[in-house]
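Structure, as structure tokens:
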Number of protein chains: 2
Amino acid sequence: MRAGEKPEISQLPLFREMGDSDRERIFAGSFLQVFPPQLTLFELGQHADFLHVLVDGLVELYASSAGRDTTMRIVEPVSSFILAAVVTDMPYLMSARTLVASRILLVPARLVREMIRQDVSLMEATMRELALGYRDLVRALTDMKLRQSAERLGNLILQQELRQGGTGKVRLRAEKRLLASLLGMTPENLSRAFGVLGQHGVEVDGAQLKITDRAALEAFARPDPVKPDEH
Amino acid sequence: MRAGEKPEISQLPLFREMGDSDRERIFAGSFLQVFPPQLTLFELGQHADFLHVLVDGLVELYASSAGRDTTMRIVEPVSSFILAAVVTDMPYLMSARTLVASRILLVPARLVREMIRQDVSLMEATMRELALGYRDLVRALTDMKLRQSAERLGNLILQQELRQGGTGKVRLRAEKRLLASLLGMTPENLSRAFGVLGQHGVEVDGAQLKITDRAALEAFARPDPVKPDEH
DNA sequence: AGGGCTGATTGATGTTTATCAATCACTGCC
DNA sequence: GGCAGTGATTGATAAACATCAATCAGCCCT
């Protein structure tokens, strides 16, 4: 592991509060691997052998069933993923692939479970991480059930704008086809949804968006009264 | 609290492994309340003051946004709900109402958090409960994103049949309008979905269903390769 | 037994979304 | 610069789903 990244991983909410020596044991038992773009890291149904921590790059979690597939989450560095499968020692419910070249810390699932039992702070952080993830999914599910596609896009834009500093400008990091899949629609419909939002306070120029009329956008997208949790 | 129900609550995965005296402290600080049917227990956006344990009756968790609303989960006894909001000390993301007269144990959220910090077994059980809940939601979200309505119904029938003993017969406990909302469709479309399944191995007689051709039903509904977790 | 309620079903129609096909815009490459 | 390749967009059509309206079946009344 390089000098620069250990502190960054150590600052993750998941590992931040635990004992230093326990954290060292986790690092010592893990592998930092480099993966090329478009590589499948694991597939749905496999047994969960590693907790993954994306150190650098970009990863897509997706699920497939009945031929179709859909992206469940876009993982940005630095963050861990598929904690729930590791904790429960059960098969993955999602597949993962790199979108770009990525460096990933692989922590053996057995080691994670062992250290959780040993270090209460780690257990508490795990519990909290799972609770926050649970709430994210509740939001995602209600979004999918209650809003139609252009409204979902509007809400995503509002959230991104907040996360990107509240300047009224939003830059889309992911390809639009990926964004479409995340929002549960086709790329064609995403295009049209952007068109719709053009009449509700959003200006689109490629991957660069501008909110020109927040009130109009909010009236259209009706964001949740409860704002997304801070992780 | 009556004599008969304490053991039942104590057998909940959440409380089963913890220390007896800690469990007693939780019970001592909680209230067992009786609620009439159709009563709203709490609403989305409120601060989470209590962990709820449904002892007897039936409760609906639902979310609403933009005028519309949708049921997120039907809670059957004996089980706890709304654990994630309690753990994170954040506002509810769902509302809850009784469907029938219900008895519910209300455990003050502060007390839950305090006892979690004190009793590692309780923390571990909480962690596990959240991880399993997380996985349930992943399944629900992929189901919603990847399958169309009749397929979702088919899968629900297959799951229910398993849970009800694998005899090929399924009895629907909830009203169909509620089932429709849980599946993210209108009651009208649920009716039509039953009609569709009639040609794929399902026989419908009111709330009593029979799977007459499991292979056909599975071919149509394409159940997940990973079976629902045991809780 | 008759009337009124509630939930389920059925049919007709409209909206939303997906699919199919074509074109456009951009990038990298030789 | 020209040209393939990829992703985004646009238009036409079809499928899935919602909505609206009407009817039906069961149930509780008194």
- Item | Length of the CG-P vector between A:D205 and C:dA25, whole Å | 13 Å
- Query: Atom CZ of A:R68 to atom P of C:dT17: distance rounded to whole Å?
  - Reply: 17 Å
- Report the residue from A:F50, A:F35, A:Y92, A:Y62 that forms a ring pair (Phe, Tyr, Trp, His ring centres under 6.0 Å) with A:F42.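 That would be A:Y92; it is the only one of A:F50, A:F35, A:Y92, A:Y62 passing the ring pair (Phe, Tyr, Trp, His ring centres under 6.0 Å) with A:F42.
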- Donor-acceptor pair, side chain of B:S95 and main chain of B:A63, under 3.5 angstrom: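 Looks like no, no N/O pair under 3.5 Å.
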- Taking A:S102 for its side chain and A:T98 for its backbone only, find out whether a donor-acceptor pair lies under 3.5 Å. no
- Task: Using the side chain to side chain donor-acceptor pair (under 3.5 Å) rule, take B:H231 and B:D229 through it: C-alpha gap first, then chi angles, then the decisive distance, then the call.
- Result: CA-CA 6 Å; B:H231 280 222; B:D229 307 337; 5.5 Å; no
- For the helix from C:dA1-D:dT30 to C:dC30-D:dG1, how many degrees between its two end axes (five pairs per end), to the nearest 10°?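 The end axes of the helix from C:dA1-D:dT30 to C:dC30-D:dG1 are about 30° apart, to the nearest 10°.
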May I have the list of side-chain donor-acceptor pairs in residues 189-211 of chain A shorter than 3.5 Å, sequence neighbours left out?
residue: A:Q208; atom: OE1; partner: A:R171; partner atom: NH1; Å: 2.4
residue: A:Q208; atom: NE2; partner: A:V170; partner atom: O; Å: 3.4

- Message: Can you list everything that forms a salt bridge (Lys or Arg N to Asp or Glu O under 4.0 Å) with B:D224? Sequence neighbours excluded, please.
- Response: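 Partners of B:D224 by the salt bridge (Lys or Arg N to Asp or Glu O under 4.0 Å) criterion, ordered by chain and then number, come out as B:R147.
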- Task: Let me have a per-nucleotide readout for nucleotides 7-17 of chain D, 5' to 3', with B, S or -, counting only protein heavy atoms under 4.0 Å.
- Result: SSBBBB---SS
- Item | Pairing residues for A:R177 by the side-chain contact (heavy atoms from CB on, under 4.5 Å) criterion, not counting sequence neighbours |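 Testing A:R177 for side-chain contact (heavy atoms from CB on, under 4.5 Å), a comparison that skips the adjacent residues, returns A:E175, A:P187.
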- Scan residues 69-78 of chain A for pairs that pass side chain to side chain donor-acceptor pair (under 3.5 Å), counting only residues two or more places apart or in two chains. A:T70-B:K145
